[in-house]
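Data block below; observations after.
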Amino acid sequence: MNVPDAIQREVILPVPPDRVWQALTHADQLGAWFGTHASIDLRPGGEVVFTWDGSTGPQGVTRGVIETVDPTRRFAFRWEATHGNQRLTRVEFTLEPHVEGTRLRVVESGFAGLPADIRDSHVEGWQREIDELAEYLAAG
Amino acid sequence: MTQAPPRETSNAVFAALADPTRRRVLRLVAERGPTSATLLERELPVSRQAIVKHLAVLNRAGLVTGKRSGQEVRYALVPEPLDEVADWVAEIGSRWDERLARLRQLVLDQNTSAPS
């Protein structure tokens with residue numbers, strides 16, 4: 001199946017790429033939007049650690065290993081997709097200049113263990129399939 | 001419990017679903033209702049032994065449950081772990097939406113405050 005192995009989001013931010021880059025890679029700024037605290041060793045192989053205090057979702061600490069540092073263009077790390085789950089997914093940020101500022105794309109990939117149907121970011125579609133499965137069960 | 005992070009069982013569920021043949025087995029079990037390895041063998045291009053193994057993996061992951069019926073074991077779908085998987089993916093997507101909204105707010109706030 002050709003369904004991409006990823007969740008993807010894209011936003012246009014009204015500031016130039018170098019400002020977005022700082023928000024992505026400076027610990028104090030990264031902590032402000034991504035977790036409640038972050039520490040980062042900005043180099044390939046370096047560690048990024050996110051800490052959540054529980055105010056914006058489950059409390060916890062998630063560690064990642066940085067893979068790509070291409071200033072103002074690309075930043076990627078591999079991390080535990082969610083607390084308590086050992087699967088490592090890859091998070092990649094791509095920055096592009098845009099008339100309004102910066103186009104930022106986020107791709108979280110590596111849901112290889114998931115069925116292709118789920119990997120499609122159209123979660124509703126998958127939910128429908130599950131509902132169908134449940135109906136089959138009920139009907140049986 | 002939809003807000004809870006995945007339990008340890010999720011890894012077994014993901015691993016079980018990673019195999020395309022196993023997904024077909026699961027789909028057939030869901031479509032046919034309680035069914036046996038012998039019945040599944042007629043519809044799949046794999047051996048009965050392979051189907052039995054796939055059913056065992058699905059059973060360990062909590063995706064099917066087996067019940068003895070005369071000479072054979074009939075397997076039925078347990079849909080709850082699939083709900084958990086769907087919740088997990090939906091949660092990852094919505095966390096990104098929240099994070100990116102906060103990122104937007106952060107850069108907007110920086111923009112309005114004078115740079116040092």
Side-chain angles (χ1 to χ4, degrees), chain A residues 1 7-16 19-20 22-24 29-30 32-35 56-58 60 81-87 89 91 93 101-102 104 106-108 111-124 126-127 129-140, chain B residues 3-8 10-20 22-24 26-35 63-64 74 76-111 115:
Chain A
M1 285 181 224
I7 287 173
Q8 184 169 327
R9 292 290 190 276
E10 203 173 278
V11 286
I12 306 293
L13 297 169
V15 293
R19 296 284 292 277
V20 177
Q22 287 175 26
L24 295 178
Q29 297 187 41
L30 189 57
W33 67 274
F34 203 111
T56 58
T82 185
H83 310 302
N85 190 297
Q86 294 307 304
R87 298 197 83 79
T89 55
V91 175
F93 297 96
T102 306
L104 173 69
V106 186
V107 178
E108 180 162 3
F111 300 99
L114 302 176
D117 323 51
I118 301 180
R119 281 184 248 147
D120 193 341
S121 54
H122 299 102
V123 175
E124 299 85 349
W126 172 243
Q127 186 61 53
E129 290 213 32
I130 291 165
D131 292 345
E132 281 172 22
L133 289 172
E135 277 169 33
Y136 278 122
L137 176 69
Chain B
Q3 290 304 308
R7 285 151 268 186
E8 294 76 40
S10 289
N11 281 336
V13 172
F14 294 139
L17 293 172
D19 184 280
R22 218 142 45 220
R23 289 204 294 275
R24 286 187 68 185
L26 184 66
R27 184 65 56 95
L28 279 171
V29 169
E31 287 176 2
R32 301 288 177 272
T35 190
L63 286 160
V64 299
R74 296 221 164 207
L77 176 76
V78 182
E80 285 77 13
L82 293 174
D83 291 338
E84 202 179 311
V85 172
D87 287 347
W88 181 69
V89 176
E91 191 183 311
I92 288 176
S94 67
R95 286 215 192 142
W96 278 115
D97 293 334
E98 290 164 14
R99 282 181 204 130
L100 292 174
R102 286 197 298 270
L103 172 61
R104 167 176 287 278
Q105 197 55 52
L106 177 78
V107 298
L108 285 174
D109 291 349
Q110 286 176 345
N111 233 15

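Below, read A as the first sequence line, B as the second, and so on, with proteins coming before strands; counting in each chain starts at 1. Side chains included, hydrogens not; waters and symmetry mates left out as well; all remaining heavy atoms used.
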Proximity breakdown for B/Leu103 and chain A, heavy-atom pairs closer than 4.5 Å | both

Look at A/Val11, A/Leu30, A/Leu13 and state which one has the largest set of heavy-atom pairs under 4.5 Å with chain B.
-> A/Leu13

Contact summary for B/Pro81 and B/Leu63, nearest pair of heavy atoms | CB-CD2, 3.8 Å

Would you mind checking which part of A/Gln22 comes under 4.5 Å of any heavy atom in chain B, side chain (CB onward), backbone (N, CA, C, O), both or neither?
-> neither

Between A/Arg9 and B/Trp96, what is the shortest heavy-atom contact and its length?
-> CG-CB, 4.1 Å

With B/Val107 as partner, the option from A/Leu104, A/Thr102, A/Val15 fulfilling side chain to side chain contact (heavy atoms under 4.5 Å, CB included) is A/Val15

For the student: nearest non-hydrogen atoms of A/Phe34 and B/Arg102, plus distance | O-NH2, 3.7 Å

